[in-house]
Amino acid sequence: MSMTRQHLSALTVALATPLALAACEPSAADIADTDQAITSAQITQVYSNGSGSHQTISTTGNVDPNNPFFLSLGTNGRACVDCHQPAQSWGISPAEVTARFGTTGTAPIFRLNDGANAPNLPVATVAQRRSAYSLLMNRGTIRVGIGIPANAEFDLTFVEDPYHFASAAELSLFRRPLPSTNLKFLATVMWDGRESVPGNTVAQNLNNQANDATLGHAQAATPLTAAQRQAIVDFESALFTAQITDTRAGSLTAAGATGGPTALSAQPFHIGINDVLGADPAGTPFSTHVFSVYDAWATQTGSTQAAARASIARGQNIFNTRQFNISGVRGVNDAIGVPNLAGTCTTCHDTPNAGNHSVGLPLDLGLTDPDKFNIDTTPRYTLVNKTTGATIRTSDPGRALIDGKWAHVATFKGPILRGLASRGPYFHNGFAATLTDVVRFYDTRFHLGLVQQDITDLANFLAAL
Ligand code: HEC
Ligand code: HEC
């Protein structure tokens, strides 16, 4: 469905720019061959997905397919859109990436620097490329390379990398692209907040992020101009994406529901809004009623469609109100010195109707424990605390690679929960293949005691966001 929606300019750029590619990289002709144009209609069209359809709107009407977001601005043929696709709510999915591989594996997303399991793998033949890009195709993850910072409170004492590349100078971290939409609600930029500089506005951080993405992912030799950065940030910041229809419940804006991107775009936000620990600068006390999108559906009865709507409303109610014991979460329990905190999904997912954490607090849900969450064959790292000698074995040290803090090992931000149905798998590492798997993870991790109907309702609700 979306496979042909690549970016517009590769043909032009591949012809105009000498491509500084490694010897085994695809030729310029291959790149031009596998790229297709995107049209402005494709930016805002309704895309079907596993549980209905989703749509993107632009609040400024800026849907120019010649925006630099869609252009190859580096040396390897890549544009932002290669990893931020409108059909996947501005992320990517394993199925469509695999379809993009086709029979050649030369489309711009297949580049050694960060598309491959390691940058030193052989990619001369199709079979070698299929193997080198297996994590990208299986999990939809990109390799983020970050070294141990000089001020780290820990040492990296042991590396298990099946691809024989990672070291203290550059750990290989396999992470899902975060959607480049609904950015109005960001409290912090990137899973580990590394693009968020204290004192900067989110817009300034996004401005730097656009440049860093071009230098990194697209391997540009020179920084973007100020005008290019601004054009990218103006474009992406105007986008709002949400599920718009549900296969069983029908229109998500019918019968008083306020689903879809238009209502989302009107949702107020400021950093700290509705924070449970009292960080809201507006001083408004925390409310667990974070999602109100499906309030009007709580009383639906009768038809099959009404039953589907009632299920979504019950799922929203579980998300807002079901209490469980939050324990062992680095960033919460240790930070506030409360080993057991009675909370809800909304304790962390506190931004009204967007669902991300409204503060940039990095948290460890335990998803990087390689013994519990054995995700394909990704590298594992053993870290030792320089002071206490304590040890952690993790697939991704997260925020700790940015600020060096032991307390931040394996911590990540709480992401925006809209447009979910079209962009699985979920979590930073793609551990949960489906939204039902997400719900099962939480049920097990925090002993929610959900019955089958609760699991179905909560997954139906998440899919309707
Ligand atoms: C090769 C794939 C790839 C390309 C190309 C790419 N990105 Fe990303 N993007 C990612 C990944 C992976 C992440 C998450 C990485 C992390 O957090 O460590 C991300 C994160 C982001 C985020 C952060 C969203 C949030 O919730 O914090 C924004 C915004 C973004 N990208 C915009 C862009 C722009 C603009 C471009 C082009 C200049 C671009 N990306 C090019 C893969 C890519
Ligand atoms: C203790 C804080 C906390 C609680 C409680 C919590 N979450 Fe999360 N949630 C997070 C964090 C942090 C992440 C990102 C974790 C990662 O990828 O490592 C996340 C990720 C997610 C994602 C994946 C989004 C994506 O883009 O991949 C979904 C869906 C989600 N949570 C739903 C829920 C539901 C449903 C509940 C209640 C059953 C819940 N969360 C409770 C903190 C929390």
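Ligands are counted one by one from 1 in listed order, and the atoms in each one are counted from 1 as well.
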(Q) Would Ile318 count as a contact residue for ligand 2, given that I'm defining contact as a non-hydrogen atom of the residue lying under 4.0 Å from a ligand atom? (A) no
Q | Sub-4.0 Å heavy-atom approach of Lys413 to ligand 1 | A | yes
Q: Can you pull out the closest protein heavy atom to atom 18 (O) of ligand 1? Residue, atom name and distance to 0.1 Å, please.
A: Arg194 NH1, 2.7 Å
Q. Sub-3.5 Å donor-acceptor pair from the side chain of Ser327 to the main-chain atoms of Asn340, do we have one?
A. no
Q: Would you check if Pro397 and Leu383 make a side-chain contact, meaning some heavy-atom pair closer than 4.5 Å?
A: yes
Q.
Any atom of ligand 2 sitting under 4.0 Å from a heavy atom of Thr344?
A. yes
Q) Applying a strict 4.0 Å limit to heavy atoms, is Leu367 in contact with ligand 2? A) yes
Q: Return yes if some donor-acceptor pair links the side-chain N/O of Gln88 with the main-chain N/O of Gln85 below 3.5 Å, else return no.
A: no
Q: Indicate yes or no for a side-chain donor-acceptor contact from Thr225 to the backbone of Gln228 under 3.5 Å, with no hydrogens or angles considered.
A: yes
Q) What atoms of ligand 1 come closer than 4.0 angstrom to any heavy atom of Leu206? A) 29 (C)
Q: Please determine if Arg309 forms a cation-pi arrangement with Trp297, meaning its NZ or CZ atom is less than 6.0 Å from the six-membered ring centre and no more than 45° off the ring axis.
A: yes
(Q) Geometry only, no angles: is Asp114 polar-contacting ligand 1 at N/O separations under 3.5 Å? (A) no
(Q) Between Phe69 and His84, is there a side-chain heavy-atom distance shorter than 4.5 Å? (A) yes
Q. Where is the nearest protein heavy atom to atom 6 (C) of ligand 1: which residue, which atom, and how far?
A. His217 CD2, 3.2 Å
Q) So is Tyr442 polar-close to ligand 2, meaning N/O to N/O under 3.5 Å? A) yes
Q: With atom 14 (C) of ligand 1 as the reference point, say which of Arg175, Arg176, Gln219 has the nearest heavy atom.
A: Arg176
Q) For ligand 1, which atoms have a heavy atom of Thr214 less than 4.0 angstrom away? A) 38 (C)
Q. Has His349 got an N/O/S atom less than 2.8 Å from atom 8 (Fe) of ligand 2?
A. yes
**Q.** Min heavy-atom dist Val439 to ligand 2 below 4.0 Å
**A.** no
Q. Within His84, is some N, O or S atom less than 2.8 Å away from atom 8 (Fe) of ligand 1?
A. yes
Q | Atoms of ligand 1 close to Ala210 [distance to a heavy atom under 4.0 angstrom, numbered from 1] | A | 38 (C)
Q. With a 4.0 Å heavy-atom cut-off (strictly under), which part of Ala79 contacts ligand 1: side chain, backbone, both or neither?
A. backbone
Q) Between the candidates Pro179, Cys348, Gly331, Pro425, which shows the shortest non-hydrogen contact distance to atom 3 (C) of ligand 2? A) Cys348
Q. In the protein, what heavy atom is nearest to atom 24 (C) of ligand 1, and what distance, to one decimal place, separates them?
A. Leu178 CB, 3.6 Å
Q: Pick one of side chain, backbone, both or neither for how Met190 approaches ligand 1, counting any non-hydrogen atom pair under 4.0 Å.
A: both
Q: Below 4.0 angstrom from a heavy atom of Ile232, which ligand 1 atoms are there? Numbered from 1 as shown, please.
A: 35 (C)
Q) Is there a side-chain contact between Tyr133 and Leu121 (heavy atoms, below 4.5 Å)? A) no
Q. Below 3.5 angstrom, do we get any N/O pair linking Leu448 and ligand 2?
A. no
Q.
Under 4.0 Å, counting heavy atoms only: does His357 come that close to any atom of ligand 2?
A. no
Q: May I ask which of Gly193, Ala187, Cys83, Cys80 has a heavy atom nearer to atom 34 (C) of ligand 1 than the others do?
A: Cys80
Q: Rounded to the nearest 0.5 Å, what's the gap from CG on Asp350 to OG1 on Thr288? Could you check?
A: 11.5 Å
Q) Quick one: which ligand 1 atoms are inside 4.0 Å of a heavy atom on Ala213? A) 36 (C), 38 (C), 39 (C), 41 (C)
Q: Work out whether the distance between some heavy atom of His428 and some atom of ligand 1 is less than 4.0 Å.
A: no
Q: Please write down residue, atom name and distance for the protein heavy atom closest to atom 30 (C) of ligand 1.
A: Gln209 NE2, 3.2 Å
Q: Would you kindly specify which portion of Leu365 sits under 4.0 Å from ligand 2, judged on non-hydrogen atoms: side chain, backbone, both or neither?
A: side chain
Q. Ligand 1 versus Leu73, non-hydrogen atoms closer than 4.0 Å: side chain, backbone, both, neither?
A. neither
Q) Between Leu186 and ligand 1, which residue portion shows a heavy-atom distance shorter than 4.0 Å: side chain, backbone, both, or neither? A) side chain
Q: Determine, using heavy atoms of Gly343 and all atoms of ligand 2, whether some pair is separated by less than 4.0 Å.
A: no
Q.
Looking only at distances, can you tell me whether any N or O atom of Trp191, backbone or side chain, sits closer than 3.5 Å to an N or O atom of ligand 1?
A. yes
Q | Nearest non-hydrogen protein atom, atom 36 (C) of ligand 2 | A | Cys345 SG, 2.8 Å
Q | Nearest protein heavy atom with distance in Å, relative to atom 11 (C) of ligand 1 | A | Pro177 CA, 3.4 Å
